[in-house]
There are 2 protein chains.
Amino acid sequence: MSAMTDRKPRAGQSRVTLNDVAAHVGVSAITISRALNKPALVTDSLRQRIDDAVRQLGYVPNRAARSLASARSHSVVVLVPSLSNAVFVDTLAAIHDTLYPRGYQTLIGDTRYAPQDEETLLRTYLEYNPDGILLTGFDQNDAASTLLRSADIPTVHMMELDDSGRYCVGFSQFDSGYALTRQLLDKGYRRIGFLAAQLDPRTIKRGEGYRAALREAGLYQPHREIAEAQPSSVGQGARLLDELLRQAPDCDAIFCNNDDLALGVMFECQRRHIAVPQQLAIAGFNNLEMSAWTNPALTTVATPRYAIGQVAANMLLELMAGRQPDSTTVDLGYKLLVRDST
Amino acid sequence: MSAMTDRKPRAGQSRVTLNDVAAHVGVSAITISRALNKPALVTDSLRQRIDDAVRQLGYVPNRAARSLASARSHSVVVLVPSLSNAVFVDTLAAIHDTLYPRGYQTLIGDTRYAPQDEETLLRTYLEYNPDGILLTGFDQNDAASTLLRSADIPTVHMMELDDSGRYCVGFSQFDSGYALTRQLLDKGYRRIGFLAAQLDPRTIKRGEGYRAALREAGLYQPHREIAEAQPSSVGQGARLLDELLRQAPDCDAIFCNNDDLALGVMFECQRRHIAVPQQLAIAGFNNLEMSAWTNPALTTVATPRYAIGQVAANMLLELMAGRQPDSTTVDLGYKLLVRDST
DNA sequence: GGATGCAAAGTTAGCGCTAACATAACCCCC
DNA sequence: GGGGGTTATGTTAGCGCTAACTTTGCATCC
């Protein structure tokens, strides 16, 4: 009220700044800054007037200026290998849900399973001066590792476990592959095939679990295993089944490294009139939403992807606050879901 | 060479800056800036020395400072309603592929189909001072529209068309729904059901296309239509089929608004021993990767989502460069894929 | 009633970079 | 051989904000 100039932001010119708001309210810029960032430091009535002015002028803070002045960007970079995979999308959702209320913006990068792309993305995103970084797995290439080390920014790895002292939240990929295979063995299957695509480190570790379980049972036969570097997909599942049945026609069960492969296998079985699970049992991995609804319902491994995002984000919050998390490694386990397809 | 100080960046202290590089090379900061941003302005030999120094010191530019000094952030914000939907993921990939080589970083926001979340996200992302904005559809709420207007940043809308003068790249949702229904009618189906979930504006428009086609043929019956506000999913497809068959057991075809619904319907038909397409034809929408591999293969509508991302990003590049695109609206069409499920 | 303390607001300087202008160096040509 | 142009580099200032310190105002207490 009283003698306030009523300039409204001049259209077409530069955006409204803190100084504009300050002039409008009749206080100094720092007071506006405080009212917005540390409201407790400003008297109620003044804060009220400031809030009104902000709204009236349509003030939008400039993050670049804030970041430059405070050396904190309030941004967190998350790199995932794929956005086409529901696993990572669920994790991203959890991360956003955890970080956003705490004032951190999530910057998402899709590395497409390519360490080179991951390095490039990381390099670009470091320019944003993130306060924290969330990575998938430990498969960074040398250049990326060097970047990370010299950037010296709190970092948490997701999905996998490791005891090198790096912060990580996930589950044992090896164990989960082992357990699912063990489960098939316990059900009486003896000629168990394995189909994998993409061949990222986690896929490979699950394959190792499969192999270990079969070796232990004296039933491992290399020709029952097909690993394909192409991305995982339903079509890939159908193709790989064809290939597998050609080189090992007597398989009685198949461990598909991903539910989408399993779906492709299932449809291909329908086309070939192979009864599931009577003639061929099918198991998948990840428990995608659809997997409960296939016909027959798909046996799979439920992975705690939302929880991983939550716990990793919370661990990162601790690190960004300069505190030490209780432990460097959090194992969130996995769960076998035995359904009608096995 | 010669008398260069060999200080290496002091670990633990603040990051290496342009000035550090300048001091190391023995030139002024602006020259380093130029060597990195406009290499043609610096002599080859000097640029070589600068590049070496940058590598040696591990210099990472500070985007906040750059953005503040130049009033250009080299960032583009993209808001999509969902990351669980392959449609938007493919569009995002196209956008990144188009913008990244041109020096723009893509900031991804997931609005979860909620206009309120979209507004909040937009508000936050505007703090990054994006040079351009890509939005999905036109369903921004009032506050978001006001924000957009006063921010005065080049904006392109994706997926839908509109003739209000806003820039957009997409296809006619109404027409595609109409065309698919028409196709079913031409095949001789007379009691065509419609299943929709999510009920976002695009879903609704496709439903209107369905209705128009049936009305035109004198075959529209409201009880054959079910629209559910919950997100689309395979499980939802199974549930909605149950509901539909309860209120309209004599349907001879079903238009599912999304391929994942169609997949759920297909599995549910298998469970109920309903022959597809003999007893019930099924059509989906979007042509997800899996749709070619279902049993029977799914009739669906292929949507040009990658092309939409490309064209929208290119249009945005034009706008950000201050040029006028040839037209405000680009219709990329759609394609009926008639397969065995109808 | 003046020293003390605390709360609320202000002043100053600078984060790291680049726009805009200034200068220096060199070339060309009549 | 000096005006005019071109190219390569430097100087200055400031983008919008906040950290750190300073000032002001006011209540409190012996």
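Here is how names work: the chains are called A, B, and so on, in the same order as the sequence lines, proteins then strands, and each is numbered from 1.
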Asker: If I take atom CG in residue B:Asn62 and atom P in nucleotide D:dC15, what distance separates them, rounded to the nearest angstrom?
Answerer: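 Those two atoms, CG and P, are 18 Å apart.
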
Asker: Tell me the closest heavy-atom pair linking A:Leu79 and A:Tyr125, and the distance in Å.
Answerer: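 A:Leu79 and A:Tyr125 have their closest heavy atoms at CD2-CD1, 4.1 Å.
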
Asker: Could you tell me how far apart B:Arg72 (CZ) and C:dA19 (C1') are, to the nearest whole angstrom?
Answerer: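 Answer to the nearest Å: 13 Å.
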
Asker: Applying salt bridge (Lys or Arg N to Asp or Glu O under 4.0 Å), can you list everything that pairs with A:Asp162, at least two apart in sequence or on another chain?
Answerer: A:Arg166

Asker: CZ of A:Arg63 versus C1' of D:dC17: gap in Å, rounded?
Answerer: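 Nearest whole value for this atom pair: 13 Å.
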
Asker: Rounded to 10°, tell me the angle between the two end axes of the helix from C:dG1-D:dC30 to C:dC30-D:dG1, each built from five pairs.
Answerer: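 End axes: 40° apart.
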
Asker: Between B:Lys38 and D:dT9, is there a side-chain N or O to OP1/OP2 distance below 4.0 Å?
Answerer: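 So the side chain of B:Lys38 is outside the cut-off, no N or O lying under 4.0 Å from OP1 or OP2 of D:dT9.
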
Asker: Could you give the distance from CE (A:Met315) to CE (A:Met320), rounded to the nearest 0.5 Å?
Answerer: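 It comes to 12.5 Å.
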
Asker: Which residues pass the side-chain contact (heavy atoms from CB on, under 4.5 Å) test with A:Val27, sequence neighbours left out?
Answerer: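 Checked A:Val27 against side-chain contact (heavy atoms from CB on, under 4.5 Å); matches are A:Val25, A:Thr31, A:Ile32, A:Leu46.
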
Asker: Applying salt bridge (charged side-chain N to carboxylate O under 4.0 Å, His left out), which residue pairs with at least one partner in residues 52-61 of chain A are found, sequence neighbours left out?
Answerer: A:Asp52-A:Arg55

Asker: Nearest-Å distance, CG (A:Leu18) to C1' (D:dC15)?
Answerer: 13 Å

Asker: Side-chain N or O of B:Ser33 less than 4.0 angstrom from OP1 or OP2 on C:dC17?
Answerer: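 No, because none of the side-chain N or O atoms of B:Ser33 sits under 4.0 Å from OP1 or OP2 of C:dC17.
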
Asker: Pairs of donor and acceptor atoms involving the side chains of residues 35-44 of chain B, under 3.5 Å and at least two apart or interchain, shall be tabulated with distances.
Answerer:
from	atom 1	to	atom 2	distance (Å)
B:Asn37	ND2	B:Ser33	O	3.2
B:Asp44	OD1	B:Arg47	NH2	2.8

Asker: Who pairs with B:Arg149 by side-chain contact (heavy atoms from CB on, under 4.5 Å), at least two apart in sequence or on another chain?
Answerer: B:Ser145, B:Thr146

Asker: If each of B:Ser70 and A:Asn37 is mapped to the nucleotide of DNA chain D with the nearest heavy atom, which maps nearer the 5' terminus, i.e. the 5' end?
Answerer: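 Looking at DNA chain D, the more 5' nearest nucleotide goes with B:Ser70.
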
Asker: Report yes if a side-chain nitrogen or oxygen of B:Asn19 is closer than 4.0 Å to either non-bridging phosphate oxygen (OP1 or OP2) of C:dC17; otherwise report no.
Answerer: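 No, B:Asn19 has no side-chain N/O under 4.0 Å of OP1/OP2 on C:dC17.
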
Asker: Can you tell me which residue pairs pass the salt bridge (charged side-chain N to carboxylate O under 4.0 Å, His left out) test with a partner in residues 65-77 of chain B, sequence neighbours excluded?
Answerer: B:Arg72-B:Asp131

Asker: Measure the distance from CG on A:Asp20 to P on D:dC15 and round it to the nearest whole Å.
Answerer: 11 Å

Asker: With sequence neighbours excluded, what pairs up with A:Tyr113 under the ring pair (Phe, Tyr, Trp, His ring centres under 6.0 Å) test?
Answerer: none

Asker: Between atom CZ in A:Arg66 and atom P in D:dC17, what is the gap in whole Å?
Answerer: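 Spelled out: CZ on A:Arg66 to P on D:dC17 is 10 Å.
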
Asker: Measure from NE2 on A:His74 to C1' on D:dC17 and round the result to the nearest Å.
Answerer: 12 Å

Asker: Between P on C:dC17 and OH on A:Tyr128, what's the gap in Å once rounded to a whole number?
Answerer: 15 Å

Asker: Output one letter per nucleotide in nucleotides 5-14 of chain C: B when a protein non-hydrogen atom lies under 4.0 Å from the base, S when only the sugar-phosphate is that close, - when neither is.
Answerer: ---SBBB--B

